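Have a look at the structure below, then the notes.
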Amino acid sequence: MTACATESAAEHENAEHEKGRASRPGCVLTADGTYAARLALDGECWFPERWTLDGPEPYAVPLPSHQPEEPGTEVLPMTDGRVLIHRVTAGRHAFSLLYPTGPGTGELPLGAVECPEDSRLWLLPPAPDGEHAYALAVGRGSTAVWLVAGGAFGPEHLAEIPGRCSGGVWLDGTGRMLALDRFQGGRTKTVVVDLERGGEVSPLLQIAEDSNDRLLLADADSGLLLIRSDAPSPGHARLGWGVLGSTLPVRFPECLRASDCAVTPFAIQPGQVLTPERCAVALRIDGPAGTWVGMWRPVERQVHHLPAPEGWFAGAGLLTEEGVLRLPYATRAVPCGVASLAAPAVPVDAECARPAERVAARPVPLQQAPLTGRTAPAARPAGHDGPVPAVPGLPFVPAVPAVPVARVERGPGDRAPGGWERVELAGANPGHPPTVRT
């Protein structure tokens, strides 16, 4: 009976993987919102397209290669204007950087990763620095994290994590701390992988021993976390929120509970360093009437429902520090557009009007995360050699010296743990070609 239960859980987790991949937005934005990338369709041919979003008006630059792309090809924008493309051929995952060169498209091959037959590999969300790109490779009993762009010698194996992982949320602004939802022992729990300490793994989220807890979104400035868990109602996952480094329990607001709709957060307002409860959160809402946008703050007790622009790439967008939601869309009349929606103002009495909410029986041990103390400590007074005082209300954590990432040595036939193998392409140039912005 135990074996059957484990097998059933594994099948369920596989379904969650495929569901997550299928629900990804059709347009990917860099973390700073300067560029976006997507696969565009010209008749029956797919080709990569880069959007420039940091100018007065957004515009698109087609980046077709010598042959059409497959529909499942992944693209990811970099902050230097190039676009990473991930192609799959007979279990071989090849990566290249595309960039415009006058009337054509330049392509810099980065290398490839050979995968076992029972494994999957896909790109993680854009890194905060915009200069590196990472991929998650899920095998039968372990998960590998690969650096696929921004390294010195092509794809580099960074970490091997026991268990099958999904998700992928960056917890800091440098691309060091990566949160993954790990399925192990029949349950899903979120763990943190330190990419600068040899892939060191530490627990982040565990509401109850028998609950499935997933991290959906995080903001490095305020520490606000959006979580999905079945702890408050076993068998039914609910949307909740917490704060990184806090000892307070996760809250599960009733306004985020919808019986006939699927609610998914996709953007958090940055810059709210000490007020996570006032961060605006953008929600994708899928219901019988279609898909629309929701705006919500933890301090409020209601969701503001807003119509999505026609042609919106559902689930794609970002919030500015001023609380403006920018949503990319494409229609026949406007092939490259960005709609702006302002977040409703916070009511003055919102904090007092908020009713008591049901919380988990046990507090989430977010204090175990390696990112307590998100703001810079105060300056050391002149002549003072003691420890720097922490910001009021946040625990002081001394700086941890950086440790070089454990890397796979370069050489033909190198094989990383778990059966993954890096393949060097002949003539691959680790340098960067000049970026042409047209």
Side-chain angles (χ1 to χ4, degrees), residues 12-13 15-16 19-20 22-25 125 166-169 171 179-181 183 187-190 204-208 210-219 222-244 246 248-269 272 276-306 308 314-319 325 343-344 350 354-364 366:
H12 172 72
E13 190 67 14
E16 289 292 328
K19 178 182 177 182
S23 62
R24 291 182 179 181
S166 60
V169 176
L171 297 179
L180 297 173
D181 300 327
F183 179 75
R187 299 294 176 186
T188 299
K189 305 291 182 182
T190 303
L204 175 69
L205 189 61
Q206 178 171 311
I207 302 179
D210 58 349
S211 62
N212 292 290
D213 312 313
R214 295 178 173 85
L215 180 63
L216 305 181
L217 213 57
D219 175 61
S222 62
L224 179 63
L225 306 178
L226 274 298
I227 296 160
R228 195 179 301 279
S229 172
D230 59 2
S233 53
H236 302 279
R238 290 185 53 184
L239 193 61
W241 68 277
V243 179
L244 188 65
S246 173
L248 296 176
V250 165
R251 297 174 182 266
F252 294 90
E254 286 296 328
C255 64
L256 297 180
R257 187 178 188 180
S259 58
D260 58 345
C261 296
V263 181
T264 306
F266 65 89
I268 300 179
Q269 180 183 3
Q272 316 302 305
E277 70 282 351
R278 291 183 174 269
C279 289
V281 178
L283 308 169
R284 169 183 172 174
I285 304 177
D286 298 283
T291 299
W292 64 95
V293 178
M295 297 283 279
W296 167 81
R297 290 183 178 90
V299 75
E300 296 182 281
R301 59 180 178 181
Q302 64 174 333
V303 174
H304 302 275
H305 298 270
L306 306 170
L318 62 85
L319 274 160
L325 178 61
R354 186 177 62 193
E357 297 162 350
R358 289 188 291 176
V359 299
R362 294 178 53 194
V364 180
L366 297 179

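Just so it is clear, the structure is predicted and the values come from calculations on it, not from any experiment.
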State, yes or no, whether a side-chain contact exists between [X] and [Y] at a heavy-atom distance under 4.5 Å.
| X | Y | value |
| --- | --- | --- |
| L244 | L204 | yes |
| L225 | L205 | no |
| I207 | F252 | yes |
| T190 | V169 | no |
| P276 | W241 | no |
| P298 | R251 | no |
| P265 | L239 | yes |

Smallest separation among heavy atoms of [X] and [Y], with atom names:
| X | Y | answer |
| --- | --- | --- |
| L217 | A267 | CD2-N, 3.3 Å |
| S233 | R238 | OG-CD, 3.5 Å |
| S229 | P232 | O-CD, 3.9 Å |
| V263 | R228 | O-NH2, 2.7 Å |
| A282 | L319 | N-CD1, 3.8 Å |
| Q206 | D213 | CA-OD2, 3.6 Å |

Measure the [atom1]-[atom2] distance between [X] and [Y] for me, rounded to the nearest 0.5 Å.
| X | Y | atom1 | atom2 | result |
| --- | --- | --- | --- | --- |
| R278 | E300 | CZ | CD | 9.0 Å |
| L256 | I285 | CG | CD1 | 9.0 Å |
| D219 | L171 | CG | CG | 10.5 Å |
| L283 | C255 | CG | SG | 9.0 Å |
| L180 | S166 | CG | OG | 8.0 Å |

**OP:** Measure up the W292 and H305 rings against each other and bin them: parallel (under 30°), tilted (30 to 60°), perpendicular (over 60°).
**Re:**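 The arrangement is tilted - the two ring planes meet at 30° to 60°.
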
**OP:** Would you tell me whether S211 and D230 have side-chain atoms, one donor and one acceptor, within less than 3.5 Å of each other?
**Re:**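 Judged by distance alone, the side chains do not pair up.
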
**OP:** Test R297 against L224 for side chain to side chain contact (heavy atoms under 4.5 Å, CB included), laying out the working first.
**Re:** CA-CA 11 Å; R297 290 183 178 90; L224 179 63; over 6 Å; no

